[in-house]
Chemist: 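Sending over a structure as C-alpha cells; questions will come in a sec.
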Amino acid sequence: MSIHLLYPDGSSHSFEDGTTGLEVAESIGSRLAKAAVAVSVDGAEYDLSRALPSGSLSVITDSTEAGRHIIRHSAAHIMAQAVLGLYPGSTFAIGPAIENGFYYDFDIGRGFTPDDIEAIEARMAEIVAADQPFERFELTPDEALEVFADHKFKVEIVKSVDDSEVDGSSGVISAYRNDAFVDLCRGPHLPSTGRLKAFKLTRAAGAYWRGDENNPQLARIYGTAWESKKALEEYLHRLEEAELRDHRKLGPELDLFSSPPELGSGLVLWHPKGGVIRKIMEDHSRRLHERFGFDFVFSPHLAKADLWETSGHLSFYAENMYPGIEMDGGQEYRVKPMSCPMHVLIYRSRGRSYRDLPIRLSELAAVYRNERSGVIHGMMRARGFTQDDSHTFCRRDQVDDELAMHLDFVLTWLRDFGFTEFEADLSTQPEKSVGDQELWTIAERSLEDALKLADIPYRIAEGDGAFYGPKIDVHIKDAIGRRWQMSTIQVDFALPENFGIDYVDAENQRQRPVMIHSAKAGSIERFFGVLLEHYAGAFPMWLAPVQAEVIPVADRHNDYAEAVVGHFKSMGLRAEADLADATVGEKIRRAMTSKIPAVVVVGDDDVANGTVGFRMRGLDEERGVGLADATDRLTSAAVLPGEET
RNA sequence: GCCGAAGUAGCUCAGGGGUAGAGCAGCUCACUCGUAAUGAGCAGGUCAGGGGUUCAAAUCCCCUCUUCGGCUCCA
C-alpha cells in the first residue's frame, strides 16, 4: 500500500502508507520541515504527526496566514491549560484564533485582573519551556460528554456538534492532549508547545457565551502570537502606529473637532479647521450628486410618530430611535434616524408618470440614532451624524441601469478621496423577506451585473440581505490595510408598498416604483474619521484646512509675508502667515507637526526679488522660487478631483 | 446595557493619609533668526463629581459620571 501526493509544482510522489506530514516535509527539505506547522491535503489540514491520505499536498509554514492561525490556536490551548491549572474549579468555553491573535473564554467566578494576566503569561512560558507534545485522539460524542462532564460549555459544544455534523467525520469528535490538559479541537496543532516562539496576552474583557446578552457573561483573555519574536515586535509596532493615527487623538490635536463630556456622549463639535474639510467634502458630494443626476431635497429633524409607524421603523428600528416627544396635546413626534420616509412623502406629493422616472432625491441629513453607550467610538460611531442619503425611485426596467450608475457613483466618490482598493459584499434574499420573487431575482442579478461591470472583487453573502431587499456594501482598504465598510446601495421593495406609492405607466395603469437607497460616504462623520486615519492627519492639498503656511524669517518680513498670503488667497488657496515671535525653525516645526502640505519661507532675498522659499510635503526645499511660479504649483496641487484639465 | 481598565494644569505624565509637581502648550520680556524646538520670567488645579472613614483624603471605602478596550468571528 502506498499514498500518492501531488506537490504544488505539479510533480507526483509516492510514499509508504502511514507516512506523516513531517516525514514528507523532511523529504522535501530540512528548512521546509523546520518551518512547517502542518500540512494540507486536498484542502483538509493535518497535524505533522498524522498519517496522510493521497491527494494534493501543500506544506503550511509558520510565516503564512494559515500557519499563524495554527500557531495562535495552539497558543489559545496553552493559555487555557495555564488558566485551568492556576484556578481550580474554573471552566472554559471557546478559544479560537482570530485576526492577529486569539482569545479564550473562561468562567473563573470573577474577571481577570492585570496580575492574573501576568501570572497566566508566566505559566504559559513554563508550558512552552516544557515542550509538551500535542497529541490528537478521537472520541465518540458519548465519550466526549464523559470526559468533559465537569465543563458545561464543552458539554453544550459536544451536543451541538452531535446535532449538526461538521467536517463529515460522522460521529467522531477530535480532541487534543498535552500533558494532563485535554480540549476539544478540530485541529490541527503545532507538534509541541515548544514551537510557540512568541506570544503576548493583550487584554482581558467580558464576552457573552455565544455572543448573546441573555447568556452568562464569561471572562475573555485576548492574546497575540507570531512565528518569531521579530514578527511579534513588528505587530506591536503596527498597533502603536495605528494608535498614533487614531482619529480621536488626531482630531483634537489638529484642532479639527472635539467631543467634550459637557456636550453628551456620541455627539461631536466641528471646529473651524475640521469645518473646512467637512465643507469641502460636502461640496464635493453635492457636485458629484449633480453630475450623476440627483436632485437635492431637505427634510426636518422631526416627524410624527405615525410616519415612522407607516415606514415600519417603529416595528423594526425603534430600539435605535430616541423616545417620543409630546406636542400639540398628545401628538407624538420622533427624531429622525433616517430620511427615507420623508423622501417618500416628497415623491408622493403629486401624481407621478412613468416619464418622470427615475426620480433621484438626495440629502445631507442630520440624523440621530440611539447607539448603546458601549459602542460609541469617536466619529466612527456617533449618536448624531450626517448621512449622505439618497433615494431613487424607478421603474423595473430601469433597475439595471440605475444600479450600475449608483455603483459607478460610489466608486468615483471613493477614488476621489484616495482609496484604491475595494471589496464588495452582495447580500442576497434572507429566509424571511417581503416583495415578489421576480423583483428579488431581477435586483440580485442587476446588483451582481453592476459589480462585474465595475470589475471590483466581491463575495456573495447568501441570505444576508435586509428583509426588504438585497444590497451591496462597499469596503475600502486604508493606508495600513484595515477594512472599513463605507458605501451602501440597497434595493427596497417594502417602503413603496408601505406608503402605497405609484406612478402611471404608458397604458395608464398604476404601477409600484422600485426604490434604491444609497449612501456614498455613509456618515460624513465616520467617513471623515476614516479619512483622517487613512492620511494620518496629513490630508492631500485639496482637503487640507491650511494649504500653505507663510513664514517670515524676521519681523521686517511680516508685511511681505502677508502680501504673499493675500496673493495666495486671491488665487483661491487657503494660506496663513505665522507672525508669532519665534524662530524660523520653531515656526517650520509647527507647520510640519500641523501637517500643513506647503511651507513658504520669506526673507531678505525674497522681499528684494519677489520670490519665496518653497517646500511641499515629500519634496525638497527650494530657494528663490518666483511668486507666480509658487502660486501655480500650489493651485495645480490643490485642484479638485475630477476637475483636472 | 454588561465585563474589565482608567480619570491629577490645555496636552503627556509623576506623586500616593500631613502646603499640588515636571515637560510641552499659553502669557510677558529679551533675541530678529533662511528650513523640525533661542533664552529668561510669569501664570495655570475643587487631583472627574458626590458621600463616607480620619485630627487630617488627590491618596483608603462606597455611589455616580465620563473615557478607553471587549461583548458575530462556532470545539
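Lettering follows sequence order; numbering is per chain, from 1.
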Chemist: What I want to find out is whether A:Glu227 reaches A:Arg68 closely enough, with some N-O distance under 4.0 Å, to be called a salt bridge.
Modeler: yes
Chemist: Between A:Ser174 and A:Cys185, is there a donor-acceptor pair closer than 3.5 Å when you use the side chain of the first and the backbone of the second?
Modeler: yes
Chemist: Describe the nucleic acid contact of A:Gln217 in one word from base, sugar-phosphate, nothing, applying a heavy-atom distance below 4.0 Å.
Modeler: base
Chemist: With P as the reference atom in both, quote the distance from B:A14 to B:C60 in angstrom, rounded to an integer.
Modeler: 15 Å
Chemist: Which pair of non-hydrogen atoms, one from A:Arg590 and one from A:Ala580, has the smallest distance, and what is that distance?
Modeler: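 Closest pair (atom of A:Arg590, atom of A:Ala580, distance): NH2-CB, 3.3 Å.
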Chemist: Strictly distance-based, threshold 3.5 Å: is any side-chain N or O of A:Gln547 a donor or acceptor partner for the main-chain N or O of A:Met541?
Modeler: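 Yes: the side chain of A:Gln547 pairs with the backbone of A:Met541.
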Chemist: Can you work out whether A:Val599 or A:Ser373 has the more 5'-proximal nearest nucleotide on RNA chain B?
Modeler: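 That would be A:Ser373.
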Chemist: Check whether the ring centres of A:Phe106 and A:Tyr104 lie less than 6.0 Å apart, and answer yes or no.
Modeler: yes
Chemist: NA contact type, A:His557, heavy-atom cut-off 4.0 Å: base, sugar-phosphate, or nothing?
Modeler: nothing
Chemist: Applying a 4.0 Å non-hydrogen cut-off, can you work out what A:Asp212 is touching in the nucleic acid: base, sugar-phosphate, or nothing?
Modeler: nothing
Chemist: Considering only atom P, compute the distance from B:C47 to B:G18 and round it to an integer number of Å.
Modeler: 15 Å
Chemist: Which is more 5' along RNA chain B, the nucleotide nearest A:Val601 or the one nearest A:His69? Just name the residue.
Modeler: A:Val601
Chemist: State whether the number of non-hydrogen atoms from other residues, nucleotides or ligands found under 6.0 Å of A:Lys200 atom NZ is greater than 12.
Modeler: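 No.
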Chemist: Quick check with a 6.0 Å cut-off and a 45 degree axis cone: is A:Lys154 positioned over the face of A:Phe92's six-membered ring?
Modeler: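 Judged by the rule (NZ or CZ under 6.0 Å from the ring centre, within 45° of its axis), A:Lys154 counts as positioned above A:Phe92.
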Chemist: If you measure from the C1' atom in B:G4 to the same atom in B:A20, how many Å do you get, rounded?
Modeler: 30 Å
Chemist: Between B:C73, B:G69, B:C71, spot the one nearest the side chain of A:Ala205, thanks.
Modeler: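 Out of B:C73, B:G69, B:C71, the nucleotide with an atom closest to A:Ala205's side chain is B:G69.
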Chemist: Within the 4.0 Å heavy-atom criterion, would you say A:Arg220 contacts the bases, only the backbone, or no part of the nucleic acid?
Modeler: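 Sugar-phosphate, no base atom in range.
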Chemist: OP1 or OP2 of B:U35 versus the side-chain N and O atoms of A:Arg617: is any pair under 4.0 Å?
Modeler: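 It does not, given that no N or O in the side chain of A:Arg617 lies less than 4.0 Å from OP1 or OP2 of B:U35.
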Chemist: Do any side-chain atoms of residues 459-466 of chain A form donor-acceptor pairs under 3.5 angstrom with protein atoms, and if so which ones, sequence neighbours left out?
Modeler:
| unit_1 | atom_1 | unit_2 | atom_2 | d |
| --- | --- | --- | --- | --- |
| A:Arg459 | NE | A:Asp425 | OD1 | 3.1 |
| A:Arg459 | NH2 | A:Asp425 | OD2 | 3.3 |
| A:Glu462 | OE2 | A:Thr428 | OG1 | 3.2 |

Chemist: When the P atoms of B:A57 and B:G49 are compared, how many Å lie between them, rounded to an integer?
Modeler: 15 Å
Chemist: Counting the atoms with a prime plus P, OP1 and OP2 as sugar-phosphate, which does A:Val375 contact under 4.0 Å by heavy atoms, base, sugar-phosphate, or nothing?
Modeler: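 Result for A:Val375 = base.
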Chemist: Among the nucleotides B:U35, B:C2, B:U38, which one has an atom lying closest to any side-chain atom of A:Arg623?
Modeler: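 Selected nucleotide (nearest to the side chain): B:U35.
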Chemist: Using a 3.5 Å cut-off on both pairing distances, which stems of three or more Watson-Crick or G-U pairs include RNA chain B?
Modeler: B:1-7 with B:65-71, B:10-13 with B:21-24, B:26-30 with B:38-42, B:48-52 with B:60-64
Chemist: Ignoring backbone atoms, test whether A:Thr202 places a side-chain nitrogen or oxygen under 4.0 Å from the OP1 or OP2 oxygen of B:G69.
Modeler: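 Indeed not, no polar side-chain atom of A:Thr202 lies that close.
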Chemist: For the backbone of A:Ile127 and the side chain of A:Thr193, can you confirm whether one donor and one acceptor N or O come within less than 3.5 Å of each other?
Modeler: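 Yes: the side chain of A:Thr193 pairs with the backbone of A:Ile127.
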Chemist: If the cut-off is 4.0 Å, is A:Tyr103 near the phosphate of B:C71, judged by side-chain N/O to OP1 or OP2?
Modeler: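 For A:Tyr103, the contact criterion (side-chain N or O under 4.0 Å from OP1 or OP2 of B:C71) is not met.
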Chemist: Mind checking the P distance from B:C73 to B:A37? Whole angstroms is fine.
Modeler: 50 Å
Chemist: Using the P atom as the point on both nucleotides, what is the distance between B:G10 and B:C27, in whole Å?
Modeler: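 Nearest-Å result for B:C27 against B:G10 at atom P: 15 Å.
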Chemist: What nucleic acid atoms does A:Arg615 come within less than 4.0 Å of, heavy atoms only: base, sugar-phosphate, or nothing?
Modeler: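 Here A:Arg615 touches the bases of the nucleic acid.
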Chemist: Do nucleotides 27-33 of chain B as a string where each nucleotide becomes B, S or -: B if the base has a protein heavy atom under 4.0 Å, S if just the sugar-phosphate does, - if no protein is that close.
Modeler: ---BBBB
Chemist: Go through the side-chain N and O atoms of A:Asn100 and A:Thr224 and say whether any donor and acceptor fall under 3.5 Å apart.
Modeler: no
